[in-house]
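Lettering of chains follows the sequences in order, A, B, ..., and the numbering in each one begins at 1. This one's a predicted model, so the numbers in the text were calculated from it and none came from an experiment. Basis for what follows: all heavy atoms, side chains included, without hydrogens, waters or symmetry-related copies.
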Number of protein chains: 2
Amino acid sequence: MRQYVAPTVTVDGVVLRLLGEQLEVLLVRREQSPFKGEWALPGSYVSRSETTTQALQRTLHAKAGLDAQQLTFTEQLYTFDTPAMQDPRGHAVSVIYFVLGRGLQPAAGKGESPTFFPVDALPHLAYQHNDVVWHTLERLKGKITYTNIMFALLPSRFTFRQLQTGYQAILGRALDKRNFRKKILELHLIEPTASFDKKSAHRPARLYRFKKQSLESLTRNFD
Amino acid sequence: MRQYVAPTVTVDGVVLRLLGEQLEVLLVRREQSPFKGEWALPGSYVSRSETTTQALQRTLHAKAGLDAQQLTFTEQLYTFDTPAMQDPRGHAVSVIYFVLGRGLQPAAGKGESPTFFPVDALPHLAYQHNDVVWHTLERLKGKITYTNIMFALLPSRFTFRQLQTGYQAILGRALDKRNFRKKILELHLIEPTASFDKKSAHRPARLYRFKKQSLESLTRNFD
DNA sequence: ACAAAAGTGTTAAGAATACACCCATGT
DNA sequence: ACATGGGTGTATTCTTAACACTTTTGT
């Protein structure tokens, strides 16, 4: 049998968080060639002794201090296949993951300045990472219509306003308050808790929680 | 920097054709270990000098005599990441592609007995390939509702009956003839040609063609 | 009493579904 | 003339979208 030399395998993560009314993505400033000094998605090489998801966790921990427990959803997005001529590292196969978390904070003082940027105000990114982020956002827009994926972005208890704001941030458009409540309640995604959000100078809002803390497909679509 | 040994990279294809009222998938009988003698999706190793899509084309040509020109649609499906312990070859990263073609015929006499099997009557497959086929079919079901992907499975000119039969084979359920025509025409996916299918002992059916021979997203969903 | 956000129903338009008969051709 | 699949329209149900006021709290 012919002898094959394997391409290099790398892994990158598109890590998203919801902060206020903004959806934000984690970037690092590269300290090594290629693209030294440019912003990029966090990533690294995958060695033979680890799976791509293990390599991803190792990378997010090393570069941004994020722990696997804080990451409430991980899904493979796409695998890029860079011909040797277009990548200074030679032929590389990059497996990209889509990662969501709740209230993520990058650890200060880590080497590559891990920073969350609002998705509608990204700097220029190394590789084709601007496109990768765009595709990720499209995927999230799709998934939000037929799954309970918002559970991965919101705190465990939240108000209807927070939920609607999250949907609006992801879909990029305003939703009607009454229709939104009606639709969400019909989907039986969430349930009321006994408590209220009392931290504001107005009528307290009831807190809700997701019934399931893992991905489920809806029987009917939202929207 | 730490030294990494790259995992092995392989590529596999889920090649589908529409024959009569059946959707069929291409399988080969493995001649090498692991899983020698079992049916599996056609695949092979990817070397550093080729991309995964090039490796896929090389494989489909070598194992089943299929030519890139006959393959009307190719899309990446998923990348499996087999930890070293579960795969006799050690840690392998397998990039799986979803491939559609029109009137595909595997070349007889090629080594690994390339054979199309109806998707609802598959033998047991090596690796996790039965699951892979299942996921592929779900993907196709999804895509058929919001794209013109049927163009890749039907001949360039076809009757409404062929079109409806194709949709039914993919969706796995019967559709109402009148509603189907109405819906398809509203989507402006296809256009009538001047000719008719005269090869039958009954009223000739008008032949239609797809307006676009490349993937397009529909503005409104089918179904 | 005022400011601020919470909470609540109805109507109209559009989309999806169910359903049965006549038409054109070959044998 | 008959067998076979081709081709066509309407009525009903369900889903989506538009829209404004009252309630509850803190200051």
Check: Under 3.5 Å, is there a donor-acceptor pair linking the side chains of A:Asp81 and B:Thr52?
Finding: yes

A:Gln164 atom CD is separated from C:dA5 atom C1', nearest whole Å, by 12 Å

Atom CG of B:Leu185 and atom P of D:dG9 are separated, to the nearest Å, by 12 Å

From CG of B:Asp197 across to C1' of D:dT4 the rounded distance in Å is 13 Å

By nearest-nucleotide position on DNA chain C, the 5'-leaning member of B:His202 and B:Asp223 is B:Asp223

When B:Phe158, B:Phe160, B:Phe196 are each screened for ring pair (Phe, Tyr, Trp, His ring centres under 6.0 Å) with B:Tyr208, the one that passes is B:Phe160

According to a strict under-4.0 Å criterion, is A:Arg161 in side-chain N/O contact with OP1 or OP2 of C:dA6? yes

Rounded to whole Å, the NZ-C1' distance (A:Lys182 to C:dT8) equals 10 Å

Rounded to whole Å, CD of A:Gln162 lies from C1' of C:dA5 at a distance of 13 Å

Which is true for B:Thr159 with a 4.0 Å heavy-atom rule: it touches a base, it touches only sugar-phosphate, or it touches nothing? nothing

Here the distance between atom C1' of D:dT13 and atom CG of B:Asn179, to the nearest Å, is 13 Å

For this session: For the residue pair A:Thr115 and A:Ser113, confirm or rule out a side-chain donor-acceptor distance under 3.5 Å.
Result: no

**Request:** Answer yes when B:Arg30 and B:Glu112 have at least one side-chain N-carboxylate O distance shorter than 4.0 Å, and no when they do not.
**Result:** no

TODO: Report yes or no: is there a donor-acceptor pair, N or O only, under 3.5 Å between the side chain of A:Arg178 and the base of C:dA6?
DONE: no

By nearest-nucleotide position on DNA chain C, the 5'-leaning member of B:Lys183 and A:Arg206 is A:Arg206

In whole angstroms, the gap separating P of C:dT17 from CZ of B:Phe222 amounts to 9 Å

*asked:* Both conditions, 6.0 Å and 45 degrees, for the charged tip of B:Arg139 above the ring of B:Phe98: are they met here?
replied: no

B:Glu186 atom CD is separated from D:dG9 atom P, nearest whole Å, by 14 Å

*asked:* Taking any heavy-atom pair under 4.0 Å as a contact, classify B:Arg181: base, sugar-phosphate, or nothing.
replied: base

Assign each of A:Pro204 and A:Lys177 the nucleotide of DNA chain D bearing its closest heavy atom; nearer the 5' end lies the nucleotide of A:Lys177

TODO: Determine the contact category for A:Asp176: base if any of its heavy atoms lies under 4.0 Å from a base atom, sugar-phosphate if only primed atoms, P, OP1 or OP2 are that close, otherwise nothing.
DONE: base

